[in-house]
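Note: hydrogens, waters and symmetry copies are ignored here, and every other heavy atom, side chains too, is used.
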Amino acid sequence: MNDKISEIIAAYLSGEILPEGKRQEVEAWLRDHEGEKEIDALRGLFQSARLVKQTPGIRGEAVMQKIEANVKSRRVGKKLSIRWKYSIAATVAILLCCVLLYKWLGSNQENQVIPRDLQQGVNGYRAHLRLSTGEVLELNKYDGKFIREDSVQIENVNSTLMYKSMDSVAPVRMEYNTLVIPRGTEYNVVLADGTKVFLNAGSEISYPVVFAGDKREVKLQGEAYFEVRKDERRPFVVQAGDVRIQVLGTSFNVTAYPERERIETTLEEGKIQLTNGKALVEVTPGKQAIYNKDEGVFEIKCVDTKLYTAWKDGYYKFDQMSLEEIMETLSLWYDLVVFYQNQHVKSLEFTGRLRRYDKVENLFEKIEQTGLVEFEVNGKNVIIKEK
């Protein structure tokens with residue numbers, strides 16, 4: 001087996017999304033080599049890849065979970081038949097995959113550390129927390145430390161703030177914190193009720209340090225993915241511009257950048273209601289609500305939710321998405337200023353995938369291979385023109 005197919009198998013096992021033809025090729029190869037020997041080799045791959053867990057970062061753990069699930073699924077419900085004819089070739093090939101996968105994961109983890117401090121955006125601004133007292137804390141100075149605010153303890157570890165109430169008595173008056181994330185970086189926060197929020201680049205969120213009363217409400221500008229802790233007595237509310245989103249316990253993504261003409265809410269699990277004060281819509285899993293700010297109306301459509309939530313897992317996924325939408329997303333993460341020499345190219349649609357810490361030029365090169373457009377990059381400025 002050549003290095004090319006081994007590299008494809010490594011990508012497949014690590015959870016990479018492959019073109020249909022390559023995916024079928026990998027699955028056919030694995031079917032041809034299933035059996036006890038193949039499982040032992042996969043187990044060796046799994047054990048070697050465990051080293052990734054020693055490297056901090058959400059991305060590494062997510063990949064490990066995918067590998068573990070993949071290995072377990074291949075061990076269940078299969079009739080084991082040893083094919084000695086292929087045993088040596090299969091073992092060698094999969095061990096080669098192990099090396100390739102380890103290198104791929106290792107380089108990806110390095111990319112999460114080397115290009116920039118996760119708490120510092122590409123424009124030099126740092127993630128910061130504004131306390132209820134008005135004091136502003138640069139979070140890089142408090143990494144690995146505890147922050148105290150009245151009866152609340154805030155732990156700041158691995159670009160995640162975790163709130164824990166030190167008092168069992170609910171506060172009489174709610175006090176708010178605001179977490180501000182500059183362009184080119186990301187941050188997470190675990191609220192006092194256990195709700196997890198993943199903040200994307202160029203975003204900010206305001207929230208009570210401790211929730212009180214009969215509801216839990218936060219305000220968002222930018223983009224965030226929410227994993228809401230279920231509490232039937234107290235609904236969770238996200239105020240994003242003119243849109244108010246209410247849930248009990250669910251997972252969803254909200255994109256509400258002030259400069260954009262729309263607010264997008266994409267639901268993965270549960271059920272949510274959205275209102276602008278006039279109209280009320282309900283969204284079920286696998287659907288997206290798009291609110292047009294100018295017209296004040298909602299549109300509901302079925303979507304592949306991963307296109308809108310993959311950023312929290314460390315990559316961007318585009319499927320027949322307009323070039324303008326793609327560049328809107330990339331400009332926030334890479335702090336780019338985009339110019340179109342030919343306006344009609346904005347509507348051209350492309351499909352692709354990019355890990356968040358890869359060079360953006362890698363994606364530009366792939367798009368250029370279509371022969372439709374070309375990119376001219378000068379520092380932060382990107383000029384796109386028809387080819």
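Side-chain polar atoms of Q320 and T351 form a donor-acceptor pair below 3.5 angstrom. Side-chain contact check for Y316 and D358: no donor-acceptor pair (N or O, by modelled atom type) lies under 3.5 Å. At a cut-off of 3.5 Å, with distance as the only test, no side-chain donor of Y257 or E328 sits close to an acceptor on the other residue. In this structure, a donor-acceptor pair under 3.5 Å is present between the side chains of D193 and T195.
Counting heavy atoms of neighbouring residues, nucleotides and ligands inside a 6.0 Å radius, atom CD of E232 does not exceed 12 of them. No more than 12 heavy-atom neighbours from other residues, nucleotides or ligands sit within 6.0 angstrom of CG on D242. The number of heavy-atom neighbours closer than 6.0 Å to NZ of K387, taken from other residues, nucleotides and ligands shown, is above 12. Shown here is E361, whose CD atom has more than 12 heavy atoms of other residues, nucleotides or ligands within 6.0 Å. Counting heavy atoms of neighbouring residues, nucleotides and ligands inside a 6.0 Å radius, atom NZ of K346 exceeds 12 of them. Counting non-hydrogen atoms of other residues, nucleotides and ligands closer than 6.0 Å to CG of D294 gives a total above 12. Shown here is R234, whose CZ atom has more than 12 heavy atoms of other residues, nucleotides or ligands within 6.0 Å.
From E186, atom CD reaches atom NZ of K312 across 11.5 Å, with rounding to the nearest 0.5 Å. Atom CZ of F236 sits about 15.5 Å away from atom NZ of K230, to the nearest 0.5 Å.
Between the side chain of T309 and the backbone N or O of T305, at least one donor-acceptor pair lies under 3.5 Å. Checked by atom type and distance alone, the side chain of N276 pairs as donor or acceptor with a backbone atom of A279 at under 3.5 Å. For the pair K293 (side chain) and P258 (backbone), a donor-acceptor distance under 3.5 Å is present. Side-chain N or O atoms of Q239 include one that pairs as donor or acceptor with a backbone N or O of G241 at under 3.5 Å. A distance-only check finds a donor-acceptor pair linking the side chain of D304 to the backbone of K306 [under 3.5 Å]. A side-chain donor-acceptor contact under 3.5 Å links N342 to the backbone of E386.
For the pair F252 and V238, the minimum side-chain heavy-atom distance is below 4.5 Å. Under the 4.5 Å side-chain criterion, counting only non-hydrogen atoms from C-beta, V303 is in contact with T266. Two residues are said to be in side-chain contact when any heavy atoms from C-beta on lie closer than 4.5 Å; R216 and V228 meet this criterion. Side-chain contact check for Y176 versus S132: every heavy-atom pair is 4.5 Å or farther apart. Between Y308 and T255 there is no side-chain heavy-atom pair separated by less than 4.5 Å. Proximity of Y187 to L139: side-chain heavy atoms (C-beta onward) are separated by under 4.5 Å at one or more points. Y142 is not listed as a side-chain neighbour of L129, based on a closest heavy-atom distance of 4.5 Å or more. Side-chain contact between V382 and Y334: absent, with no pair of heavy atoms (C-beta onward) separated by less than 4.5 Å.
Of all heavy-atom pairs spanning S331 and V338, the tightest one is CB-CG2, 4.3 Å. Annotation for V157 and G144: closest pair CG2-CA, 4.3 Å, computed over non-hydrogen atoms. L199 approaches V189 most closely through the heavy-atom pair CD2-CG1, 4.2 Å. Across all their heavy atoms, D214 and P235 have their closest contact at O-CD, 3.5 Å. Between F226 and V218 the shortest heavy-atom distance is CE2-CG2, 4.1 Å. R262 approaches I290 most closely through the heavy-atom pair CB-CG2, 4.0 Å.
The side-chain contact (heavy atoms from CB on, under 4.5 Å) test with I384 is passed by exactly one of E374, Q341, M327: M327. Of the residues Q221, K219, E204, the one that meets the side-chain contact (heavy atoms from CB on, under 4.5 Å) test with T178 is E204.
Taking the six-membered ring where the residue is Trp, Y357 and W333 present perpendicular rings, their angle passing 60° and hence far from 30°.
The hydrophobic clustering, which links ILVMFWY residues whose side-chain heavy atoms are closer than 4.5 Å, places V377 and V373 together. A chain of hydrophobic side-chain contacts below 4.5 Å, direct or via other Ile, Leu, Val, Met, Phe, Trp or Tyr residues, connects V254 to V247. I154 and V180 are assigned to two separate hydrophobic clusters, defined by single-linkage of ILVMFWY side chains at heavy-atom distances under 4.5 Å. Hydrophobic clustering (side-chain heavy atoms under 4.5 Å, transitive across Ile, Leu, Val, Met, Phe, Trp, Tyr) groups M321 together with L336. Under the 4.5 Å side-chain contact rule for hydrophobic residues, M174 and V237 do not share a cluster.
Ion pairing between K301 and E299 fails under the 4.0 Å rule for side-chain N and carboxylate O. Between E282 and K271 there is a salt bridge, since a side-chain N of the basic residue sits under 4.0 Å from a carboxylate O of the acidic one. Salt-bridge annotation for R244 and E217: present, with a side-chain N of the basic residue lying under 4.0 Å from a carboxylate O of the acidic one. Of the charged side-chain nitrogens involved, at least one lies within less than 4.0 Å of a carboxylate oxygen, so that E376 and K385 count as a salt-bridged pair.
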In sequence, state the C-alpha distance, the side-chain angles, and the governing distance for V283 and I300, and then conclude on side chain to side chain contact (heavy atoms under 4.5 Å, CB included).
CA-CA 8 Å; V283 181; I300 307 294; 4.0 Å; yes

Show the numbers, then the answer: is there a side chain to side chain contact (heavy atoms under 4.5 Å, CB included) between N200 and R356?
CA-CA 11 Å; N200 206 349; R356 279 166 70 85; 3.2 Å; yes

